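To start, the structure itself, in structure tokens.
Just so we're clear, the structure is a prediction, and the values are computed from it rather than from any experiment.
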Amino acid sequence: MARGGINKALVSKARETLISRGENPSIDAIRVELGNTGSRSTIHRYLREIEEEASARLDDEALLSQPIKELVGRLASVLRQEAQSLVEEHQTKHQSQVKSLTDRLQELESSLANTNNTLEAKERELKVALSDLDASKASEETLKANAAKANQANEKLQVLLAEKQAQIESLEEKHRHNREAMEHYRQSVKDQREQDQRKYEHQVQQLQAEIRTLNQTLSVKQGDITQLNKDNGRLAAELGATQKTVAKLEAEQRKLITNLESKSAEAESLKTRLSEFENQSEELDKLKRLNEELLAWKAQASVSIGKLETEISIKTDMMDRLLTEKSKTPEVSG
């Protein structure tokens, strides 16, 4: 049944109104003429019945002679067959293209979903890598600070060692000067021994006292030298330990730098994958545009089918008018 009060009489009236205005009596045009009521399938069914009735009127023997009737019947049959074949061919081709594009669109949507999931996972991995990179940078800064402190301590130890070495050299220089002075004094005593024979014992005692004093001084200086040597050994041991610590810190720093370079390479790889995902997204956009073009093509195909139906209707109307005029003209008897 027709919905919304639509019947064949209303459809026929709307069709005749459109034809009288010189417009194409397509399904959509008739539906608009009826106030946008009624389903397209119902309107199409009524139009087909109206056309069949019009075709049946062409077979009325009271109106047409037998040759014209047969000619008109064949022409209407051929027109209907060609129109139906063309419509079915367009519909089959259209349905095949729609199915192919729909399947392709579903595949791409599935691929896009998988790509989005992969992209989200890679983004999470990138965030973790960047967090590790920041932690590595902070650890590197700490190691650099510790290395700087160690270098400062090493420099201080080097300065202290240089000072101790200078003190040792100064004490050795004083000892050498004392020894040279003693030798010089002994030589002077030897030279003056014959001249100062009467003062020999007194000078010997004086020299012995001075020698004891010098020996005590020398013993004290040697004790200082021994202590300096011990300090020097201790400082050298501390310097060696510090150098080992510095070497260990430098090794850790190189390891962190290698790790940082690895993380940077991973970040670059992730950026490359992200660029590939963006390219795939662009391809999906192209497919969406293709879908839009398909929808436009559908609309264009619908318009073409409507035009074809209009042409068939116009030709049928022309045939009706031709037959009407023919029926009004009196036949000439032989």
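- Thr115 places a side-chain N or O within donor-acceptor distance of the main-chain N or O of Ser111, the cut-off being under 3.5 Å.
- Side-chain atoms of Arg40 and Asp28, non-hydrogen and from C-beta on, do get closer than 4.5 Å to each other.
- For Ile30 against Pro25, the heavy-atom pair with the smallest separation is CD1-O, 3.6 Å.
- Checked by atom type and distance alone, the side chain of Thr37 pairs as donor or acceptor with a backbone atom of Leu34 at under 3.5 Å.
- Rounding to the nearest 0.5 angstrom, the gap separating the CG atom in Asn7 from the OG atom in Ser12 is 10.0 Å.
- The distance from the CD atom of Gln158 to the CG atom of Asn151 is 11.0 Å, given to the nearest 0.5 Å.
- Judged by distance alone, with hydrogens and angles left aside, the side-chain atoms of Thr245 form a donor-acceptor pair with the main-chain N or O of Ala241 at under 3.5 Å.
- Put simply, the side chain of Arg21 reaches to within 4.5 Å of the side chain of Glu33, judged on heavy atoms.
- In this structure a side-chain-to-backbone donor-acceptor pair under 3.5 Å is present from Ser20 to Glu16.
- In this structure, Asn229 and Ile168 have side chains that are in contact, with non-hydrogen atoms separated by less than 4.5 Å.
- Note that CD of Gln227 and CG of Asp224 are 8.5 Å apart. Values are rounded to the nearest 0.5 Å.
- Between Arg45 and Glu49 there is a salt bridge, since at least one side-chain N of the basic residue sits less than 4.0 Å from a carboxylate O of the acidic one.
- The closest side-chain heavy-atom distance from Glu173 to Glu169 is not below 4.5 Å.
- Counting heavy atoms from C-beta outward, Arg31 and Ile6 have side chains that stay 4.5 Å or more apart.
- Here the closest non-hydrogen pair linking Ser136 and Asn259 is OG-ND2, 4.0 Å.
- Side-chain contact annotation: Asn279 with Glu283, donor-acceptor N/O pair under 3.5 Å absent.
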- Determine, stepwise, if the pair Leu161 / Leu157 fulfils side-chain contact (heavy atoms from CB on, under 4.5 Å). CA-CA 6 Å; Leu161 181 60; Leu157 290 174; over 6 Å; no
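- Note on Arg234 versus Glu238: salt bridge recorded, some NZ/NE/NH1/NH2 to OD/OE distance being below 4.0 Å.
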- Kindly indicate, with the supporting measurements, whether the criterion side-chain contact (heavy atoms from CB on, under 4.5 Å) is fulfilled by Glu266 and Leu126. CA-CA 8 Å; Glu266 291 180 2; Leu126 179 60; over 6 Å; no
- Which is it for Glu180 and His184 under the side chain to side chain donor-acceptor pair (under 3.5 Å) test, yes or no, and what are the steps along the way? CA-CA 6 Å; Glu180 290 177 355; His184 179 70; over 6 Å; no
- Message: Using the rule given for salt bridge (charged side-chain N to carboxylate O under 4.0 Å, His left out), can you reason through Arg179 versus Glu183, listing the C-alpha separation, both sets of side-chain angles and the distance that settles it, and then say yes or no?
- Response: CA-CA 6 Å; Arg179 188 170 56 239; Glu183 291 296 331; over 6 Å; no
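- The structure places OG of Ser170 at 12.0 Å from CD of Gln165, a figure rounded to the nearest 0.5 Å.
- Counting heavy atoms from C-beta outward, Leu112 and Gln280 have side chains that stay 4.5 Å or more apart.
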- Message: Between Glu52 and Arg48, is the side-chain contact (heavy atoms from CB on, under 4.5 Å) condition met? List the steps.
- Response: CA-CA 6 Å; Glu52 289 175 354; Arg48 188 171 64 250; 3.7 Å; yes
Side chains of residues 97-108: which donor-acceptor pairs under 3.5 Å do they make with residues two or more places apart or in other chains?
from: Lys99; atom 1: NZ; to: Asp103; atom 2: OD2; distance (Å): 3.1
from: Thr102; atom 1: OG1; to: Val98; atom 2: O; distance (Å): 2.5

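- Looking at heavy atoms from C-beta onward, Gln300 lies out of side-chain contact with Val303 at the 4.5 angstrom threshold.
- Here CD of Glu276 is found 11.0 Å from NZ of Lys122. Values are rounded to the nearest 0.5 Å.
- Contact between Val11 and Tyr46 at its shortest, heavy atoms only, is CG2-CD1, 3.6 Å.
- Proximity of a side-chain donor or acceptor of Ser131 to a complementary backbone N or O of Lys127 within less than 3.5 Å is not detected.
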- Query: Yes or no on side-chain contact (heavy atoms from CB on, under 4.5 Å) for Lys8 and Glu53, after CA distance, side-chain angles and deciding distance?
  - Reply: CA-CA 12 Å; Lys8 186 164 67 176; Glu53 291 176 357; 2.7 Å; yes
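- The backbone N or O of Glu88 sits less than 3.5 Å from a side-chain atom of Thr92, completing a donor-acceptor pair.
- Looking at Thr272, its side chain does come within 3.5 Å of a backbone N or O of Glu268 through a donor-acceptor pair.
- For Asp134, the side-chain contact (heavy atoms from CB on, under 4.5 Å) criterion is met by no residue, not counting sequence neighbours.
- Put simply, the side chain of Thr213 gets close to the backbone of Ala209: a donor and an acceptor are under 3.5 Å apart.
- Of the inter-residue distances, the one linking Gln167 atom CD with Asp231 atom CG reads 9.0 Å to the nearest 0.5 angstrom.
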